[in-house]
Amino acid sequence: MKARNEDTKRFEQLILPHLNAAHNLARWLLRDAAAAQDVVQESSLRAFAAINRFVGENARAWFLTIVRNQCYTWLKQQTGKHYVDIDDEAAMSEKDKAALANTDTPEVLAERMQNAAAMQQALEALSVIFREVIILKELEELSYKEIAAVTGMPIGTVMSRLARGREMLKKELLRNDQ
């Protein structure tokens, strides 16, 4: 009983402060608010069950890793057990590749447009592998190191996907601006 109370206190201290970030990540990855709530709830249960085994310094990255993995599991289940490809080249459509041609930054375009709906639409148009790193970096303000920990990819890959995702986001913003 005492161990359970300690686990509860530890969970409340380490995980509860990151529920909004978890829901935000899940909502953007899944594009479904109800599914995001379910995934965050399941992730919270998993985090609680494993809280006594957590020995790191960054509970946020640990919890967001659980959320991310649960999101990919949900996506696989929703696509009829098809593999969710997270390879950069394989996931890029011709539309995504064409998005890499302009020189303005996404920030400049976003300021010019000042339109939150257009930004949301542009983010939703990105492939999940690019959307997740942009959400983690720009909205959740994680460092490259933390994003690498959450996604399980090397920092170089994080930086590459972030740069490519920003270019694709910029292209989507330009397309919506016309």
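As a basis for the values below, the full set of heavy atoms in this structure was taken, side chains included, without hydrogen atoms, waters or symmetry mates. By convention here, the first residue in the shown sequence is residue 1.
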| field | Ser43 side chain to Leu64 backbone, donor-acceptor under 3.5 Å | value | no
| query | Is Glu146 paired with Arg60 through a side-chain N to carboxylate O contact shorter than 4.0 Å? | reply | no
| message | Side chains of Arg166 and Phe130, heavy atoms from C-beta outward: is any pair under 4.5 Å? | response | no
| Which atom pair, heavy atoms only, marks the closest approach of Ala26 to Val67? | CB-CG1, 4.1 Å
| Between Ile15 and Ala59, which heavy-atom pair has the shortest distance, and what is it? | CD1-O, 4.3 Å
| task | Mind checking side-chain contact (heavy atoms from CB on, under 4.5 Å) for Ser44 and listing every partner two or more places apart, or none if nothing turns up? | result | Phe11, Leu19, Val40, Phe63
| field | Heavy atoms of other groups near Asn52 CG, more than 12 under 6.0 Å | value | yes
| task | Please collect all salt bridge (charged side-chain N to carboxylate O under 4.0 Å, His left out) contacts where either partner lies in residues 38-52, sequence neighbours excluded, each pair once. | result | Glu42-Arg46
| task | Mark yes or no for whether Arg27, through its side chain, and Ala36, through its backbone, hold a donor-acceptor pair below 3.5 Å. | result | no
| message | Less than 4.5 Å apart, side chain to side chain, heavy atoms only: is that true for Arg131 and Val128? | response | yes
| message | Can you list everything that forms a side-chain contact (heavy atoms from CB on, under 4.5 Å) with Ala49? Sequence neighbours excluded, please. | response | none
| query | Under 4.5 Å between side-chain heavy atoms, hopping through other hydrophobics if needed: is there a path connecting Leu45 to Tyr72? | reply | no
| Among all residues two or more places apart in sequence or in another chain, which pass the side-chain contact (heavy atoms from CB on, under 4.5 Å) test with Asp32? | Ala34, Ala35, Trp74
| said: Using 0.5 Å steps for rounding, measure from the CG atom of Leu75 to the CZ atom of Arg31. | reply: 9.0 Å
| task | Check whether any side-chain heavy atom of Leu123 lies under 4.5 Å from a side-chain heavy atom of Leu126, and answer yes or no. | result | yes
| said: Tell me every residue that passes side chain to side chain donor-acceptor pair (under 3.5 Å) with Glu124, counting only those two or more places apart in sequence or in another chain. | reply: Gln120
| remark: Heavy-atom nearest pair, Thr65 first then Ala149, reads OG1-O, 3.3 Å
| query | Less than 4.0 Å between a side-chain N and a carboxylate O, is that true for Lys9 and Glu12? | reply | no
| query | Among the clusters formed by ILVMFWY side chains lying less than 4.5 Å apart, do Leu16 and Ile66 turn up in the same one? | reply | yes
| said: One pair to check against salt bridge (charged side-chain N to carboxylate O under 4.0 Å, His left out): Arg164 and Glu167. What are the steps and the verdict? | reply: CA-CA 5 Å; Arg164 293 166 87 181; Glu167 287 295 321; over 6 Å; no
| If you take all heavy atoms of Arg68 and Thr151, which pair is closest and at what distance? | NH1-O, 3.2 Å
| Closest heavy-atom pair and its distance - Leu173, Ala122 | CD2-CB, 3.9 Å
| note | Of all heavy-atom pairs linking Lys137 and Leu142, the shortest is CD-O, 3.3 Å
| request: Provide the full list of ring pair (Phe, Tyr, Trp, His ring centres under 6.0 Å) pairs with a residue in residues 14-39, sequence neighbours left out, each pair given once. | output: none
| So how far is it from Leu25 CG to Leu30 CG, rounded to the nearest 0.5 Å? | 8.5 Å
| Within-4.5 Å side-chain heavy-atom neighbours: Leu14 and Trp62 | no
| remark: CE (Met168) and OG (Ser127) are apart, to the nearest 0.5 Å, by 6.5 Å
